[in-house]
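Notes to accompany the following structure.
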Amino acid sequence: MTTTSEEDLEEFRESVRDALSATSTSAAIRTAMMTERGWDEPTWNLLVRLDIPGLMLPERHGGSGLGAAEFAVAAEECGTWLACAPLFGTSVLAVPLLLELGDEAAIARYGPRIARGELTATVALAEAGARWDVSAVRTEAAPAAGGQGGGWRLRGAKSHVVDGAAADLLLVVARTSDGPAVFAIEREAAGLTAAPLVTLDLTRKMARLELDDVRGELVGPVGCDAALAAASDVSRALLAAEQTGVAQRCLDMTVDYAKTRIQFARPIGSFQVVKQRLADALIQVESARSAVYTATRSRQPARDSRVAALMAGRASAWVTAQTIQLHGGIGFTWEHDAHLYFKRARTSAHLLGEADEHIAALAGMLDHEIA
């Protein structure tokens with residue numbers, strides 16, 4: 001895997017930021033979020049031109065051969081500019097899973113099209129209660145009549161699938177008699193029904209999937225618990241990077257507002273209580289960014305990705321709430337963008353695991369290390 005210097009990463013960050021700031025505008029976001037699939041086509045095309053969808057894919061399959069550390073830079077900027085594009089489902093969820101499963105045939109089949117922006121994908125794991133937990137999966141898969149040549153047949157339901165109604169490729173996690181497995185299913189497959197969900201965050205569409213004897217192709221080995229866990233660690237760290245971008249953008253908006261909003265003949269940013277809140281927000285943002293930096297370079301990703309998820313989740317939730325409050329009356333209006341970031345932060349905090357689940361997992365790792 002290619003490594004990138006810090007100087008190159010900053011140049012990459014600036015190029016992504018400059019591009020998204022001109023394309024992913026408030027007007028573009030609001031137009032996209034009212035559509036059925038929720039994508040802004042110019043923003044998606046821009047990300048493709050920057051080679052971001054295939055950033056982590058191997059070069060032999062059309063990608064850039066880079067890693068989570070590099071992708072985290074793009075993910076943070078996508079959070080900063082609230083980019084409405086299928087990047088999260090495709091490159092944050094599906095690509096790490098494909099790579100961890102190690103199925104070269106599947107990567108060769110899907111990788112080049114993902115890198116060119118011709119194929120969008122997502123992962124369908126969560127079921128009842130929207131828990132991102134393999135042990136809670138009840139969707140079942142069994143070999144089709146006639147043996148492996150007939151593929152597998154899946155029955156069950158998935159909930160809160162990111163881009164579930166629009167993605168071209170679904171990587172569905174199901175139970176088999178020999179453990180969990182991942183199956184590739186095309187959007188138009190017979191027996192597959194996708195129903196869009198009404199969620200708090202209109203900028204990230206989700207769907208409920210019903211699978212009634214749907215044909216799927218096995219990707220990777222059966223009994224892929226380790227691959228699912230490793231892919232989730234990568235996805236969790238990259239989601240934390242996006243949450244950090246959400247928090248950073250809200251901090252920037254609030255600082256700018258505090259400099260220009262006059263109250264009692266002086267900018268509100270000159271009041272001590274406002275200064276303290278902004279200083280606290282900066283500490284939370286920088287702490288989250290440091291946690292993401294560690295998680296995307298870690299030799300213990302299971303631990304550090306959960307630390308990043310906790311810190312970035314709390315930072316984005318708190319900073320976005322402070323943004324609404326410190327903007328006063330205008331912060332509560334539909335016309336201001338503060339509520340869009342607040343809703344993204346609240347929804348993302350539950351996407352790949354709850355805070356108490358991260359804490360419990362970290363406590364278990366600590367007990368194991370002590371023992």
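Values reported hereafter were calculated over all heavy atoms of this structure, with side chains retained and with hydrogens, waters and symmetry mates removed. Fair warning: this is a prediction, and the values are worked out from it, not measured in the lab.
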#### Entry: Working for side-chain contact (heavy atoms from CB on, under 4.5 Å), residues Met206 and Val161
CA-CA 5 Å; Met206 297 188 183; Val161 180; over 6 Å; no
### Task
Just do the salt bridge (Lys or Arg N to Asp or Glu O under 4.0 Å) check on Glu210 and Arg208 with the steps written out, would you?
CA-CA 7 Å; Glu210 297 282 350; Arg208 173 180 172 81; 2.8 Å; yes
### Query
Can you list the steps and then say if Leu362 with Leu310 is a side-chain contact (heavy atoms from CB on, under 4.5 Å)?
CA-CA 10 Å; Leu362 288 168; Leu310 272 173; 3.7 Å; yes
### Task
Output, in order, the C-alpha distance, side-chain angles, deciding distance and verdict of salt bridge (Lys or Arg N to Asp or Glu O under 4.0 Å) for Glu104 and Arg60.
CA-CA 11 Å; Glu104 280 295 318; Arg60 65 183 179 279; 2.8 Å; yes
### Message
Could you go through Arg204 and Ser348, starting from their C-alpha distance and side-chain angles, then the distance that decides it, and tell me whether this counts as side-chain contact (heavy atoms from CB on, under 4.5 Å)?
### Response
CA-CA 10 Å; Arg204 174 168 285 156; Ser348 296; 3.6 Å; yes
### Query
What's the verdict on salt bridge (Lys or Arg N to Asp or Glu O under 4.0 Å) for Arg277 and Asp280, showing C-alpha distance, side-chain angles and the deciding distance?
CA-CA 5 Å; Arg277 290 196 188 183; Asp280 288 344; over 6 Å; no
### Query
What's the verdict on side chain to side chain donor-acceptor pair (under 3.5 Å) for Thr176 and Asp178, showing C-alpha distance, side-chain angles and the deciding distance?
CA-CA 5 Å; Thr176 74; Asp178 297 314; 5.2 Å; no
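To the nearest 0.5 Å, atoms CG (Asp233) and CZ (Arg306) are separated by 7.0 Å. Put simply, CD on Glu7 and CD on Glu10 are 9.0 Å apart, with the number rounded to the nearest 0.5 Å. Atom CE of Met56 sits about 10.5 Å away from atom CD1 of Ile114, to the nearest 0.5 Å. Taken from CG in Leu340 to CG in Asp201, the straight-line distance is 8.0 Å, to the nearest 0.5 Å. Expressed to the nearest 0.5 Å, how far CG of Leu47 lies from OG of Ser91 amounts to 9.0 Å. Taking CZ of Arg303 as the start and OG of Ser298 as the end, the distance is 6.0 Å to the nearest 0.5 Å.
Not a single donor-acceptor pair under 3.5 Å links the side chain of Thr244 to the backbone N or O of Glu76. Judged by distance alone, the side chain of Thr294 and the main-chain N or O of Ser290 form a donor-acceptor pair under 3.5 Å. Panel note: side chain Thr23, backbone Leu20; no donor-acceptor pair is recorded below 3.5 Å. Here the side chain of Thr260 pairs a donor or acceptor atom with the backbone of Tyr257 at under 3.5 angstrom. Under a 3.5 Å cut-off, the side chain of Asp304 and the backbone N or O of Ala295 do not form any donor-acceptor pair. Side chain of Glu127 to backbone of Thr139: a donor-acceptor contact under 3.5 angstrom is found. Between the Asp40 side chain and the Thr43 main chain, a donor and an acceptor come within less than 3.5 Å of each other. Between the side chain of Asp103 and the main chain of Ala106, a donor-acceptor pair closer than 3.5 Å is present. Using modelled atom types, one side-chain atom of Ser15 and one backbone atom of Phe12 make a donor-acceptor pair closer than 3.5 Å. At distances below 3.5 Å, at least one donor-acceptor pair connects side-chain atoms of Asp168 with backbone N or O atoms of Thr120.
Salt bridge annotation for Glu70-Arg297: absent, with no cationic side-chain nitrogen under 4.0 angstrom from a carboxylate oxygen. Ion pair Glu357/Arg131 flagged as a salt bridge, since at least one NZ, NE, NH1 or NH2 atom sits closer than 4.0 Å to an Asp/Glu carboxylate oxygen. We find that Arg155 and Asp212 are joined by a salt bridge, their nearest charged nitrogen and carboxylate oxygen being less than 4.0 Å apart. Between Arg249 and Glu77 there is no salt bridge, since no side-chain nitrogen of the basic residue lies less than 4.0 Å from a carboxylate oxygen of the acidic one. For Arg30 and Asp337, the salt-bridge test passes: some basic side-chain N is under 4.0 Å from an acidic carboxylate O. At a threshold of 4.0 Å, the pair Glu11-Arg13 does not count as salt-bridged, since none of the basic side-chain nitrogens sits closer than that to a carboxylate oxygen.
Taking both residues in full, the closest heavy atoms of Gln284 and Ala315 are given as OE1-CA, 3.2 Å, listed atom of the first, atom of the second, then distance. Across all their heavy atoms, Arg187 and Leu192 have their closest contact at O-CD2, 3.5 Å. Taking all atoms of both residues into account, the shortest heavy-atom contact from Val246 to Ala345 is CG1-CB, 4.4 Å. Heavy-atom minimum distance, Ser64 versus Leu55: CB-O, 3.5 Å. Pairing each heavy atom of Leu218 with each of Ala181, the nearest pair is CD1-CB, 3.8 Å. A pairwise comparison of heavy atoms in Ile107 and Pro58 identifies CG2-CD, 4.4 Å as the closest pair.
Counting heavy atoms from C-beta on, the side chains of Leu352 and Leu93 come closer than 4.5 Å. Between His336 and His327, some side-chain heavy-atom pair lies under the 4.5 Å cut-off. Counting heavy atoms from C-beta on, the side chains of Pro267 and Lys259 never come closer than 4.5 Å. Leu66 places none of its side-chain heavy atoms less than 4.5 Å from the side chain of Phe71. Within the 4.5 Å cutoff, the side chain of Leu211 has heavy atoms near those of the Lys158 side chain. At a threshold of 4.5 Å between non-hydrogen side-chain atoms, the residues Val307 and Met311 count as touching. Looking at heavy atoms from C-beta onward, Pro180 lies in side-chain contact with Asp225 at the 4.5 angstrom threshold. Between Val173 and Trp132, the closest side-chain pair of non-hydrogen atoms is not below 4.5 Å.
Taking hydrophobic clusters as Ile, Leu, Val, Met, Phe, Trp and Tyr residues chained together by side-chain heavy-atom distances below 4.5 Å, Leu351 does not share a cluster with Tyr341. Linking Ile, Leu, Val, Met, Phe, Trp and Tyr residues whenever their side-chain heavy atoms come within less than 4.5 Å leaves Ile262 and Leu278 in two separate clusters. Val48 and Leu87 fall within a single hydrophobic cluster, where Ile, Leu, Val, Met, Phe, Trp and Tyr are joined by side-chain heavy atoms under 4.5 Å apart, directly or via other members.
In this structure, the side chain to side chain contact (heavy atoms under 4.5 Å, CB included) partners of Ser21, at least two apart in sequence or on a different chain, are Trp81. Among residues two or more places apart in sequence or in another chain, the side chain to side chain contact (heavy atoms under 4.5 Å, CB included) test is passed with Ile324 by Phe332, Ala338, Phe342.
Around atom CD1 of Ile330, no more than 12 heavy atoms belonging to other residues, nucleotides or ligands sit under 6.0 Å away. Other residues, nucleotides and ligands contribute at most 12 non-hydrogen atoms within 6.0 Å of the CD atom of Glu186. More than 12 heavy atoms of other shown residues, nucleotides or ligands fall within 6.0 angstrom of atom CD in Glu6.
Of the residues Thr122, Leu98, Val95, the one that meets the side-chain contact (heavy atoms from CB on, under 4.5 Å) test with Leu171 is Leu98.
In the model, Thr203 has a side-chain atom that pairs as donor or acceptor with a side-chain atom of Arg344 under 3.5 Å. Glu354 and His350 share a side-chain donor-acceptor pair at under 3.5 Å.
Relative ring orientation between Phe183 and Trp152 is described as tilted, the plane-to-plane angle lying within the 30° to 60° band.
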